[in-house]
A.B. asks: 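Okay, here's the structure, questions in a sec.
Worth saying up front: this structure is predicted, and the values here are computed from it rather than measured. Reminder, nothing fancy here: chain letters follow the sequence lines and each chain counts from 1.
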Amino acid sequence: MLHIKCPHCGMRSQNEFSYGGDATVKRPELNKEVSDQDWNNFVYNRKSLRGKHKELWQHISGCRQWIKVERDTATHEIFKTAKAHEDI
Amino acid sequence: MTQNYRLDNIGLINRDKKISFKFNGKNYFGYEGDTLASALLANGVHLIGRSFKYHRPRGFFGAGVDEPYAIVQLYRNNETEPNVKTTEQELFEGLEATSVNCWPSVNFDIGAINNFLKVFLPAGFYYKTFMWPKSFWYKVYEPIIRKAAGLGVASTKHDKERYEHKYEYCDLLIAGSGPSGLASAYAAAKNGARVILAEDKPRFGGTLLTSEVNIGNQTGKEWAENIISELKEMPNVIVKNRSQVFGYYDHNMLVMSEKLSDHLPKTKKYHPKQRLWYIRAKEVLISSGSIERPLVFGNNDTPGVMLSSAAKEYLKVYGVLVGKKPLIFTNNDSGYETAIEFKKNGIEPIILDTRKEPNSEIIDEAKNLGIQIKFSYVVVAAKGYKKVNAAEIAKISDNKNDLGTLENITCDCICVSGFWTPTIHLASQSGNKTTFNKDIDAFVPGVSKQSETTLGAAKGTFTLAETLKDSFNAGYELSKKITKNDNKISHPTVVEKNKTTHDKFWCVPLPKGKNYKRFLDFQNDVAVSDIEIALKEGYRSIEHVKRYTTLGMATDQGKTSNLNGLQLVSNIENKIIPEVGHTTFRPPYTPVTIGAIVGREVGKHSRPTRKSPLHSWHEKNNAVFVDAGVWLRPRYYKIGEETLFEGSKREAKNVRANVGVCDVTTLGKIDIKGPDAAELLNRVYTNAWLKLPVGKARYGVMLREDGIVMDDGTTTRISENHYHMTTTTAQAANVLSHLEYYLQLVWPELNVNVVSTTEQWAGAAIAGPKSRDLLQKLFPNIDASTEGLPFMGYIEADLFGVHARIFRISFSGELAYEVNVESDNGNFMWEKIMEVGQEFKIQPYGTEALSTLRIEMGHIAGSELDGRTIPYDNSLEGLVSKKKDFIGKRSLDREAFIADDRQKVVGVVPIDKKTSIPEGSHLVKDAMAPIPNPKLGYISASCWSVEYDNPFSLAILKDGKNMIGQKLFAMSPLKNKTIPVEIVSSHYVDPKGERVRS
Ligand SMILES: [Zn+2]
């Protein structure tokens with residue numbers, strides 16, 4: 001079980017969090033033309049990286065904040081965590 | 001009854017307490033402190049079971065977790081447990097055990113015929129033989145193999161025992177209480193660290209209990225006892241016996257199973273049988289010791305052949321002789337320790353040493369005691385079928401290739417020592433890449449991957465002095481790093497006999513003309529010849545060899561067999577072992593019972609049960625409850641002997657005729673506040689929200705980004721910047737997370753806050769033609785007319801002194817209102833509604849009537865919003881704005897979503913107007929068409945229409961808009977039903993929706 005440092009609450013066990021996928025995906029802006037390809041990439045296509053991965057978690061049983069986590073998908077090492085509005 | 005193999009003045013058992021037990025129906029006795037294995041051996045019982053493949057007789061090989069074959073079916077307190085290791089099971093009064101793998105009995109076993117057919121059962125036999133024809137596998141081969149070759153039998157009864165989970169944090173977790181565990185725990189604890197020391201056996205001390213050493217001015221055993229009693233008194237230390245750390249997971253999370261009651265005849269009331277500890281440790285010290293390796297020779301699986309360390313442990317801990325004419329076969333000095341113990345207790349052992357002329361203090365001691373030693377000698381084969389009665393021995397040439405003349409020597413046990421294999425499982429599980437140490441011919445931990453340190457024999461340090469020095473040091477250094485304290489204690493001096501190097505020789509060659517089976521893996525009957533065949537057939541990767549031959553699989557996971565298997569592969573392949581590599585060590589290190597893993601999360605406790613504040617009222621009024629997600633909701637309120645069908649029909653009819661009241665507290669509620677709240681709703685829902693006036697509610701549908709409907713519900717504008725959103729019961733948590741996601745990550749510029757208020761409000765839906773009269777009577781000060789409170793209107797009012805919110809919304813399709821009060825006032829509200837409603841013939845109604853009402857009205861709900869449908873499918877396309885953008889909009893023009901024959905919700909009525917259509921039935925054109933019969937749609941919800949008094953269902957049907965009036969078949973293979981049906985409008989009752997607006 002991972003040990004994740006919530007930037008708001010401190011070190012907590014993984015079972016307090018829920019996983020939210022790739023943190024680098026940007027939702028296309030509202031009311032803007034989006035090509036089929038771009039929309040398709042946003043909705044469906046994700047890289048399955050081996051190594052450093054920036055991802056989202058929500059501290060669902062804690063402060064309920066979405067946070068950013070940089071984690072190695074192979075070793076599970078967590079390099080850093082950040083608040084939702086911060087860059088990671 | 002005398003115990004012929006028990007000595008009087010040695011051992012740690014309690015001779016004042018006799019314990020009687022049964023094995024294979026026969027009565028025996030042992031003493032408190034015995035294991036089942038030691039008690040059986042004390043009684044001279046060596047035949048325990050039959051092997052897995054050849055059904056050869058099986059006895060005892062070890063004295064602990066490494067035991068490969070002495071497993072039994074255990075009976076305790078009217079329950080049974082399979083595959084229990086006799087070497088781990090402590091004796092308790094009334095224990096019963098039986099052999100496994102033998103039928104009809106351990107002494108006469110029909111399966112043993114395999115032993116004579118073994119030429120037909122080589123490696124990969126099952127894969128090769130039972131492949132064809134395919135249908136024969138599960139009909140013929142598998143049942144026979146299972147019957148002939150199963151291990152124990154699992155109980156089919158509900159396990160009444162209690163298992164607990166515990167979460168713990170510590171500075172240092174120390175796995176194993178041998179010399180290194182004790183020393184490091186002591187040094188760290190004295191330096192203020194929070195320590196957990198875990199020992200899998202009942203007794204602490206590990207090898208100190210059986211070795212002849214001195215630490216300071218005490219014996220090893222006394223030193224261990226003193227350290228343990230001091231540790232137990234320290235507030236910063238948790239000391240646990242019968243506790244196996246079996247798994248090392250990410251971020252220094254380890255899991256340990258503590259057996260609290262397995263050694264007792266029955267679990268004490270309110271006590272758990274086992275406890276699973278989830279331990280997050282800052283540092284981990286692995287002091288798991290080492291396991292002796294077997295030597296490989298002919299028939300080395302015969303009962304009576306066992307590890308020399310096990311023979312010593314049975315003698316020193318339990319006072320049990322595993323034999324009275326022992327033969328010690330060794331390639332290192334450890335065998336001598338066992339021989340010396342035998343000699344000291346009046347038994348005359350003979351040592352066969354594979355080495356030519358070794359010299360050490362311990363060998364000198366053996367010589368001085370007058371023990372007979374044969375150097376450059378090997379055991380070629382064990383003799384005897386159910387028990388060793390002799391050994392075929394021979395001199396071996398210096399190059400270890402040639403055997404001298406075969407000699408027979410009488411003996412009743414053969415104690416083997418092939419040197420030591422460090423127990424590296426935990427280190428390996430932590431991600432540590434192990435390295436091969438040529439000095440000890442074994443793998444040892446490499447560079448630490450997580451915060452773990454391996455000490456003592458587990459890392460290949462086999463002298464006590466060095467182990468203690470390292471361990472005191474490690475305990476001190478690691479605790480200093482964590483606590484910043486600097487209280488160092490000096491480590492004691494050690495007196496031990498020096499030992500010389502071991503012989504790398506371990507596998508005795510076959511003599512000319514003999515084809516003895518030489519076993520590597522005793523549990524799975526994997527012999528040297530099997531590995532040779534696998535390699536001949538082209539298997540190279542050790543992982544493949546393992547799976548093909550089953551080497552190192554099953555309950556002991558190859559604790560004694562792995563290294564010898566690797567040695568063999570490397571010998572044949574002319575590779576060195578590191579190149580061959582070892583198979584992956586995965587948790588658990590030892591078997592863990594499913595009960596412990598599940599813990600208290602059984603049955604109703606597998607997840608929390610949520611109850612509405614009105615629950616006790618429902619109970620008192622004969623509600624029959626149903627699980628709705630995690631909630632318990634009344635399904636119907638039973639009157640007399642009413643069935644669900646009768647009761648729900650009565651309730652639904654009463655709503656259509658008079659007025660009913662339904663507990664809708666479980667609906668998800670989200671409070672939304674902030675100047676941009678309307679903008680958020682406008683982006684989240686498919687319809688327009690910017691112009692909703694204060695005091696009005698609106699129905700909305702929200703999508704996922706892929707265009708699939710996520711949820712629906714009404715949201716009410718309470719005041720300028722304050723909205724009250726409702727969600728379906730099932731999606732409440734997901735919708736909240738969804739809103740938080742967009743607010744925190746996608747549109748942080750929106751000034752809005754959301755919070756769940758599901759539990760803050762109790763809700764009652766009042767529905768039916770008389771609901772307005774009832775409402776007016778409940779709230780005399782409001783104007784309940786349709787002008788004063790129109791459809792989708794909202795007001796706040798006073799309910800006999802209690803603040804209430806009134807929403808004119810309807811789920812039943814009837815004129816209806818929803819009244820919310822603070823949860824604490826829920827019962828008050830409900831009772832007032834029932835009391836005032838008397839004159840309007842009010843009745844409470846449950847979820848079954850609620851479903852009936854919504855289905856016949858064609859209102860979609862969870863069963864249509866099943867994660868596969870878009871707004872169009874649910875006839876909600878009118879709610880999809882063309883003008884504004886919203887979550888998921890861009891996906892709605894996907895090709896499949898705009899296809900001409902896109903699925904759509906329809907109504908379904910059986911042609912005979914009698915037969916109810918099972919939910920989940922498939923709609924097909926031709927009931928007789930060959931399989932696979934093309935499926936046009938599926939029944940999403942079914943009810944008995946109270947309006948028309950016949951069955952009615954909703955379905956999601958391909959090209960639904962053009963299918964009205966068509967005749968199809970509803971097929972349910974599960975219920976074995978085929979029902980001719982007609983497709984009708986989904987709005988079966990009041991298609992214009994006049995009632996809700998009346
Ligand atoms: Zn948090």
Side-chain angles (χ1 to χ4, degrees), chain A residues 1-5 7-8 11-45 55-61 63-69 71-78 82-86 88, chain B residues 165 167-169 247-255 278-282 430-431 433 449-451 679-680 682-684 703-708 733-734 736-750 753-756 881 883-895:
Chain A
M1 207 188 309
L2 306 184
H3 214 201
I4 302 170
K5 186 174 181 179
H8 309 279
M11 292 301 276
R12 299 300 173 98
S13 266
Q14 183 184 343
N15 51 2
E16 293 186 14
F17 295 84
S18 71
Y19 184 65
D22 191 338
T24 62
V25 175
K26 262 199 100 60
R27 190 192 191 280
E29 273 181 57
L30 286 168
N31 301 306
K32 285 254 171 77
E33 277 285 306
V34 190
S35 71
D36 283 351
Q37 189 56 50
D38 287 350
W39 185 258
N40 203 38
N41 281 341
F42 159 65
V43 177
Y44 296 106
N45 294 336
E55 57 200 18
L56 297 169
W57 290 77
Q58 189 182 14
H59 196 188
I60 203 143
S61 307
C63 62
R64 293 204 64 89
Q65 294 300 299
W66 285 87
I67 62 167
K68 292 174 180 168
V69 175
R71 179 180 66 102
D72 189 309
T73 56
T75 63
H76 292 320
E77 183 178 351
I78 290 176
K83 294 177 182 171
H85 64 270
E86 293 170 349
I88 187 163
Chain B
H165 286 181
Y167 291 82
E168 191 60 81
Y169 288 79
Y248 199 136
Y249 300 90
D250 294 309
H251 298 185
N252 261 28
M253 158 72 79
L254 292 96
V255 185
Y278 292 86
I279 303 170
R280 186 83 67 177
K282 288 197 181 118
S430 79
K433 290 264 176 292
K449 186 77 190 174
Q450 301 199 34
S451 300
E679 179 61 28
L680 173 71
N682 209 43
R683 295 178 184 188
V684 166
L703 309 185
R704 313 190 306 219
E705 292 286 18
D706 63 0
I708 298 290
N734 290 344
L736 183 65
S737 266
H738 181 72
L739 298 180
E740 287 165 335
Y741 175 87
Y742 284 93
L743 285 173
Q744 294 173 25
L745 288 158
V746 185
W747 304 312
E749 69 277 10
L750 292 184
N753 273 304
V754 292
V755 69
S756 166
S881 168
K883 291 185 199 134
K884 56 138 197 177
D885 201 357
F886 54 84
I887 292 170
K889 184 178 192 182
R890 181 65 177 79
S891 292
L892 289 180
D893 26 290
R894 284 173 58 195
E895 210 177 313

A.B. asks: What part of B:Y167 gets within 4.5 angstrom of chain A, counting heavy atoms only: side chain, backbone, both, or neither?
C.D. replies: side chain
A.B. asks: Can you tell me how far apart CZ (A:F42) and OG (B:S891) are? Round to the nearest 0.5 Å.
C.D. replies: 8.5 Å
A.B. asks: Answer whether the closest heavy-atom distance between the side chains of B:R890 and A:D36 falls below 4.5 Å.
C.D. replies: yes
A.B. asks: Please report the shortest heavy-atom distance between A:L30 and B:F886, naming the atom on each side.
C.D. replies: CD2-N, 4.3 Å
A.B. asks: Just how far is it from atom CD1 of A:I4 to atom NE2 of B:H251, taken to the nearest 0.5 Å?
C.D. replies: 8.0 Å
A.B. asks: Going by the rule ring pair (Phe, Tyr, Trp, His ring centres under 6.0 Å), which residues pair with A:H3 if we only count those two or more places apart in sequence or in a different chain?
C.D. replies: none
A.B. asks: Measuring from B:L736:CG to A:Q58:CD, what's the distance to the nearest 0.5 Å?
C.D. replies: 7.5 Å
A.B. asks: Can A:L2 and B:Y249 be said to form a side chain to side chain contact (heavy atoms under 4.5 Å, CB included), step by step?
C.D. replies: CA-CA 8 Å; A:L2 306 184; B:Y249 300 90; over 6 Å; no
A.B. asks: Give the member of B:G431, B:G707, B:S737 that has the highest number of heavy-atom pairs under 4.5 Å with chain A.
C.D. replies: B:S737
A.B. asks: Against chain A, work out which of B:K889, B:E705, B:R704 has the most heavy-atom pairs shorter than 4.5 Å and name it.
C.D. replies: B:E705
A.B. asks: Please classify the contact of B:R894 with chain A as side chain, backbone, both or neither, using a heavy-atom distance under 4.5 Å.
C.D. replies: side chain
A.B. asks: Please look at B:L743 and chain A and tell me whether the side chain, the backbone, both or neither of the residue comes under 4.5 angstrom of a heavy atom of that chain.
C.D. replies: neither
A.B. asks: Ignoring hydrogens and angles, tell me if any N or O in the side chain of B:Q744 forms a donor-acceptor pair with the backbone of A:W66 under 3.5 Å.
C.D. replies: yes
A.B. asks: Below 4.5 Å from any heavy atom of chain B, which atoms of A:E77 appear? Answer side chain, backbone, both or neither.
C.D. replies: backbone
A.B. asks: With a cut-off of 6.0 Å (strictly less than), are more than 12 heavy atoms of other residues, nucleotides or ligands near CD of B:E895?
C.D. replies: no
A.B. asks: Would you give the length of the straight line joining atom NE2 of A:H59 to atom CD of B:E740, rounded to the nearest 0.5 angstrom?
C.D. replies: 12.5 Å
A.B. asks: With a 4.5 angstrom heavy-atom cut-off, which part of B:K449 approaches chain A: side chain, backbone, both or neither?
C.D. replies: side chain
A.B. asks: Taking side chain as everything from C-beta outward and backbone as N, CA, C, O, which of these in A:V43 sits under 4.5 Å from a heavy atom of chain B? Side chain, backbone, both or neither.
C.D. replies: side chain
A.B. asks: Within the side chain of B:R280, is there an N or O that forms a donor-acceptor pair under 3.5 Å with the backbone of A:M1?
C.D. replies: yes
A.B. asks: For A:D72, I'd like to know if atom CG has over 12 heavy atoms of other residues, nucleotides or ligands within 6.0 Å.
C.D. replies: yes
A.B. asks: Calculate, to the nearest 0.5 Å, the distance between atoms CE and OG belonging to B:M253 and A:S13 respectively.
C.D. replies: 4.5 Å
A.B. asks: Answer with side chain, backbone, both or neither: which region of A:I78 has an atom nearer than 4.5 Å to a non-hydrogen atom of chain B?
C.D. replies: both
A.B. asks: Does A:R71 come within less than 4.0 Å of B:D250, counting only side-chain N to carboxylate O?
C.D. replies: no
A.B. asks: Shortest non-hydrogen contact from B:D885 to A:E29?
C.D. replies: OD2-O, 4.5 Å
A.B. asks: Does A:D38 have any salt bridge (charged side-chain N to carboxylate O under 4.0 Å, His left out) partners at least two apart in sequence or in another chain, and if so, which?
C.D. replies: none
A.B. asks: Could you tell me the separation between the CG atom of B:L745 and the NZ atom of A:K68, rounded to the nearest 0.5 Å?
C.D. replies: 6.5 Å
